[in-house]
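Okay, structure first, notes after.
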Amino acid sequence: MSVNGEAVRVGPGTGQADEPGWEVDPDDDWALAVVATVGRQLKLRREAVGMRVPEFAVAVGYGEDLVYKIESGRRIPRPEYLDTADEILRAGGLVAAMKEDVRKVRYPKKVRDLAQMEARAVELQLYDPVNLHGLLQTPEYARALFRMRRPRYAEEEIERGVAARVARKAVFDREAAPELSFVQDEWTLRRRLGGLDVVRAQLEHLLTVAQLPNVEVQVMPMDREEHAGADGAIEVLKFEDGTAVGRSPAVAGGRPVTDPRQLRILELRYGIIRAQALTPLESTAFIERLLGET
């Protein structure tokens, strides 16, 4: 069935319109190819067992509109959809196995591109003056941030964003772990976004991350009279082959840059920021005090 043209799941315990966030980005060629391939495989397997769309829709527990959209590559199938379809179509796990590729295309292209660069980097220099850097955020803190966006995000979009942010944390688990340097303005640690429980858990997580041998977390105190990061965030990622990419709102309009001259500017600013901030040991002590006050 459909409401105002939108597919509705008709299985038990459902009844809400199909949430946003499962559409395919028309500018994302890779996602389009993956979803089209998955849809085509689902259609071929459905036809191979002699099931028509109305019959399959009832069996899988979703509306016919959604089945058509998925099979035509216009909608990203949910993981549970693929699991159920695998059973109904007697695919022996081959349909369910497509969940990994589908999971990746759920993340926006710019997030996937960033995660791929972070996965290749041997050194990351990261300064964020507005919020805790995404790689440092707990899922609960990230969720609180997404819920504060205006206009409001739908819950499905929020969960998509949180999942993408969590997936990027694989950089900490790499066998050849990169060197990571974070500088955070003091006020980003003091804001009670999401409530005290969320903030306490976030500060505890920061202390845990700061103990990793390849990670340095520094705090820029609010009482500093000089601050080289006044122009905004800085990200510099260095790779094993000697190349690098950087980004800052103050350089090239925030677009990623690889030009050596522009990279030198970003590294110069980042180096001064680190020198102006508390040392890693002083920063850990500062976060511990702040946690005690929270």
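Count residues from 1 along the sequence.
- The side-chain heavy atoms of Val95 and Leu42, taken from C-beta on, include a pair separated by under 4.5 Å.
- No side-chain donor-acceptor contact under 3.5 Å links Arg168 to the backbone of Gly134.
- When all heavy atoms of Asp86 and Gly93 are compared, the pair lying nearest together is OD1-N, 2.9 Å.
- Note on residues 135-152: pairs passing salt bridge (charged side-chain N to carboxylate O under 4.0 Å, His left out), not counting sequence neighbours, are Arg143-Glu159, Arg147-Glu155.
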Report the C-alpha distance between Leu193 and Gln202 in whole Å, list the side-chain angles of each, state the deciding distance to 0.1 Å, and finish with yes or no for side chain to side chain contact (heavy atoms under 4.5 Å, CB included). CA-CA 10 Å; Leu193 301 179; Gln202 177 63 70; over 6 Å; no

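- For Arg274, the side-chain contact (heavy atoms from CB on, under 4.5 Å) partners at least two apart in sequence or on another chain are Ser181, Val183, Glu216, Gln218, Tyr270.
- Contact detail for Ala59 and Met51: the closest heavy-atom pair is CB-CE, 4.2 Å.
- With sequence neighbours excluded, no residue forms a salt bridge (charged side-chain N to carboxylate O under 4.0 Å, His left out) with Lys43.
- Taking 4.5 Å as the limit, every side-chain heavy atom of Lys69 sits out of range of all side-chain heavy atoms of Tyr62.
- Although no hydrogens or angles enter the test, the distance criterion places no donor-acceptor pair under 3.5 Å between the side chain of Asp83 and the main chain of Ala96.
- Residue Ile272 is found in a hydrophobic cluster whose other members, listed by chain and number, are Leu268; membership requires side-chain heavy atoms under 4.5 Å apart, directly or through intermediates.
- When the side chain to side chain donor-acceptor pair (under 3.5 Å) test is applied to Arg74, the partners found at least two apart in sequence or on another chain are Ser72.
- Hydrophobic cluster membership differs between Val199 and Phe146, with clusters built from Ile, Leu, Val, Met, Phe, Trp and Tyr side chains linked at under 4.5 angstrom.
- The hydrophobic cluster containing Leu132 also contains Leu135, counting ILVMFWY residues as joined when their side-chain heavy atoms lie under 4.5 angstrom apart, directly or transitively.
- Between atom CZ of residue Arg200 and atom CG of residue Leu290 there is a gap of 10.0 Å, rounded to the nearest 0.5 Å.
- Transitive grouping of hydrophobic side chains (ILVMFWY, heavy atoms separated by less than 4.5 Å) keeps Tyr141 and Val162 in distinct clusters.
- Among residues at least two apart or in separate chains, salt bridge (charged side-chain N to carboxylate O under 4.0 Å, His left out) pairs with a member in residues 185-199 are Glu186-Arg190, Arg190-Glu293.
- With hydrogens and angles disregarded, a donor-acceptor distance shorter than 3.5 Å links the side chain of Gln276 to the backbone of Ala228.
- Considering only heavy atoms from C-beta on, Leu94 comes within 4.5 Å of Arg45 through its side chain.
- Annotation: salt bridge (charged side-chain N to carboxylate O under 4.0 Å, His left out) contacts of Glu267 (sequence neighbours excluded): Lys238.
- Distance check, rounded to the nearest 0.5 Å: CD of Gln184 to OH of Tyr127 gives 8.5 Å.
- A pairwise comparison of heavy atoms in Gly63 and Ala57 identifies C-CB, 4.1 Å as the closest pair.
- Atom CD1 of Ile70 is separated from atom CZ of Arg75 by 8.5 Å, given to the nearest 0.5 angstrom.
- Contact detail for Glu64 and Pro54: the closest heavy-atom pair is OE2-CB, 3.6 Å.
- Taking all atoms of both residues into account, the shortest heavy-atom contact from Glu55 to Gly50 is OE1-O, 4.2 Å.
- A distance of 11.0 Å separates CG of Leu189 from CG of Asn131, quoted to the nearest 0.5 Å.
- The one candidate from Gln41, Arg40, Arg46, Glu47 that meets the side-chain contact (heavy atoms from CB on, under 4.5 Å) condition with Glu71 is Arg46.
- Residues passing the side-chain contact (heavy atoms from CB on, under 4.5 Å) test with Ala144, sequence neighbours excluded: Met148.
- One hydrophobic cluster, built from ILVMFWY side chains closer than 4.5 Å, cannot hold both Leu263 and Leu124; they sit in different ones.
- Leu136 and Ile287 fall within the same hydrophobic cluster, defined by Ile, Leu, Val, Met, Phe, Trp and Tyr side-chain heavy atoms under 4.5 Å apart, directly or through other members.
- With sequence neighbours left out, Thr243 forms a side-chain contact (heavy atoms from CB on, under 4.5 Å) with Phe239, Asp241.
- Between the side chain of Glu240 and the backbone N or O of Val122 there is no donor-acceptor pair closer than 3.5 Å.
- Within the 4.5 Å cutoff, the side chain of Pro77 has heavy atoms near those of the Val102 side chain.
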If you look only at distance, which donor and acceptor atoms sit under 3.5 Å apart when one is on a side chain in residues 203-214 and the other is two or more places apart or in another chain?
from   : atom 1 : to     : atom 2 : distance (Å)
Thr208 : OG1    : Glu204 : O      : 3.1
Asn214 : ND2    : Pro178 : O      : 2.7

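- Contacts classified as ring-ring contact (aromatic ring centres under 6.0 Å, His included) and involving residues 159-194 (residues at least two apart or in different chains) are given here: His133-Phe182.
- Using a 4.0 Å cut-off between charged side-chain N and carboxylate O, Glu118 and Arg174 make no salt bridge.
- Atom CD1 of Ile76 sits about 11.0 Å away from atom CG of Leu82, to the nearest 0.5 Å.
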Which donor-acceptor pairs under 3.5 Å do the side chains of residues 250-261 make with protein atoms, sequence neighbours left out?
from   : atom 1 : to     : atom 2 : distance (Å)
Arg255 : NH1    : Ala252 : O      : 3.3
Asp259 : OD2    : Arg261 : N      : 3.2
Asp259 : OD2    : Gln262 : N      : 3.2

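- Atom OG1 of Thr84 is separated from atom CZ of Arg78 by 11.5 Å, given to the nearest 0.5 angstrom.
- In plain terms, the two heavy atoms of Pro139 and Val166 that are nearest each other are CG-CG2, 3.8 Å.
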